[in-house]
Protein chains: 2
Amino acid sequence: MTTGRRPGDSGTRDAILAAAKEGFATQGYAATSLRGVARTAGVDPSLVTHFFGSKDGLFEAALALPVDPAALVETVLGGPTGRLGERIVRTFLLVWDSTPGQGPMLAMLRGAVSHEDSAAKLRDLLLRSILRPVAHAAGADDPDRRAALLASQLIGLAVTRYVLRLEPIASAAPDELAPVMGKTLQRYLTGPL
Amino acid sequence: MTTGRRPGDSGTRDAILAAAKEGFATQGYAATSLRGVARTAGVDPSLVTHFFGSKDGLFEAALALPVDPAALVETVLGGPTGRLGERIVRTFLLVWDSTPGQGPMLAMLRGAVSHEDSAAKLRDLLLRSILRPVAHAAGADDPDRRAALLASQLIGLAVTRYVLRLEPIASAAPDELAPVMGKTLQRYLTGPL
DNA sequence: GTCTATATGATGATAGAC
DNA sequence: GTCTATCATCATATAGAC
């Protein structure tokens with residue numbers, strides 16, 4: 001009964017999105033061009049704006065995270081508080097090390113550094129996904145400060161490991177990093193400052 | 001006796017360099033154009049390449065740090081080891097908070113995130129200015145690992161404070177940050193991991 | 001859904017006049 | 001030391017044919 005081409009079933013849109021994710025993730029916002037994206041996707045440049053409206057629209061779409069970080073943190077915070085910091089590091093690395101997650105997160109990090117809109121978005125995400133949940137979990141004093149400290153160490157981890165690729169952190173196993181960095185996060189969250 | 005225009009005494013080169021520093025520091029490598037630099041410097045675009053050869057040459061020149069970080073760290077490490085971490089944070093913030101330092105360092109950080117050459121340069125700088133000196137100071141086990149951990153927290157501090165501008169870290173006084181983060185660095189350097 | 005054509009403008013770099 | 005002129009590319013975005 002359904003005759004004619006059904007909408008949205010040609011792989012083109014996905015190909016463009018995949019190419020955009022890679023571009024934004026590896027080169028950042030400014031250095032990624034619509035034409036370049038179209039080239040690596042093997043499609044016509046016009047299709048990019050046709051599907052996503054503009055470069056910003058494409059960027060927006062490429063930034064969609066495969067997981068909800070807020071829910072993730074919520075889950076992590078739900079467990080016993082003794083090894084809270086360690087669990088955060090483990091989950092953080094798990095999400096980043098999984099390929100579908102690293103793309104958008106790297107794109108967001110790269111974007112945030114030179115694209116103000118993207119920086120605001122990351123600030124927002126951090127606030128919603130880390131600061132707020134943490135503010136509740138660590139009912140202790142100064143939740144904002146504790147959460148920001150936590151963010152600083154996590155972002156530092158991401159930058160050294162995935163962007164700068166500084167050894168030996170870049171190739172360290174999660175089991176190696178979790179205890180030592182977890183201890184820091186644990187103190188930032190529940191310990192004496 | 002010296003007749004004619006002496007070389008290098010027209011403020012143009014400096015104006016270009018200042019504009020370039022600001023551009024690279026606030027927008028990153030890709031988003032900063034030679035023409036844009038020339039525009040804010042109030043000079044002809046050709047002069048930019050005339051003085052610096054190419055965009056990479058200009059970038060290189062804009063990255064020249066006003067201080068030698070290696071010497072700085074060396075000095076800091078020279079003092080008593082008890083409050084070593086705290087001194088590192090204090091010095092780090094001092095250098096970043098001073099205007100002439102923040103430009104090139106921000107430029108380097110922004111560049112490193114999306115410009116591979118710049119990332120290599122920062123890796124190199126970290127290695128020479130932080131990893132190596134630390135490897136000597138903390139004669140303990142695993143100096144490479146300790147130094148990388150230190151770098152991760154310092155970079156995280158820089159990104160949250162100066163790039164993301166995440167509160168309350170962004171506007172916190174050095175006196176407020178030094179003790180709490182210094183404690184982390186202290187453990188990374190000399191404490192049990 | 002796909003593409004050609006095009007408007008409009010910026011980019012990095014060079015050659016050469018003054 | 002400064003500038004004009006120019007090259008060859010690239011960019012984002014639109015209108016409209018098929």
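Throughout, protein chains are lettered first and strands after them, A, B, ... in sequence-line order, and every chain is numbered starting at 1.
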Rounding to an integer number of Å, can you tell me how far Q27(A) CD sits from dA11(D) P?
11 Å

In whole angstroms, how far is the C1' atom of dG12(C) from the NE2 atom of H115(B)?
13 Å

In whole Å, what is the span from the CZ atom of F51(A) to the P atom of dT14(D)?
16 Å

May I have the distance from L58(A) (atom CG) to dT12(D) (atom P), rounded to whole angstrom?
10 Å

Rounded to the nearest 0.5 Å, how far does CG of L154(B) lie from OG of S152(A)?
10.0 Å

Rounded to the Å, how far apart are H50(A) NE2 and dA17(D) P?
15 Å

T49(A) vs dT14(D): side-chain N/O to OP1/OP2 distance below 4.0 Å:
no

Let me confirm one number: the CG-OG1 distance from L122(B) to T160(A), rounded to the nearest 0.5 Å.
11.0 Å

L34(A) atom CG is separated from dC10(D) atom C1', nearest whole Å, by 12 Å

Take S54(A) and D56(A) through the side chain to side chain donor-acceptor pair (under 3.5 Å) test and state the conclusion after the steps.
CA-CA 5 Å; S54(A) 70; D56(A) 278 304; 5.0 Å; no

Protein N or O to nucleotides 4-6 of chain C N or O, pairs below 3.5 Å:
| residue | atom | partner | partner atom | Å |
| --- | --- | --- | --- | --- |
| dT4(C) | OP2 | D44(A) | OD2 | 3.2 |
| dT4(C) | O4 | S46(A) | OG | 3.1 |

Which part of the nucleic acid, if any, lies within reach of S33(A) when heavy atoms closer than 4.0 Å are counted: base, sugar-phosphate only, or nothing?
sugar-phosphate

From the options R187(B), K183(B), Q153(B), select the one residue that forms a side-chain hydrogen bond (donor to acceptor under 3.5 Å, both in side chains) with T184(A).
R187(B)

What is the minimum heavy-atom distance between L177(A) and A172(A), and which atoms define it?
CG-CB, 3.8 Å

Where do L189(B) and L84(B) come nearest, in terms of heavy atoms and distance?
CD1-CD2, 3.6 Å

Which of K121(B), K21(B), K55(B) passes salt bridge (charged side-chain N to carboxylate O under 4.0 Å, His left out) with E60(B)? It is K121(B)

Looking across every strand, which nucleic acid part, if any, lies under 4.0 Å from L47(B) by heavy atom: base, sugar-phosphate, or nothing?
base

Rounded distance (Å) that lies between atom C1' of dA11(D) and atom CZ of R39(A):
11 Å

Nearest whole angstrom, please: distance from the P of dT11(C) to the CG of D56(B).
16 Å

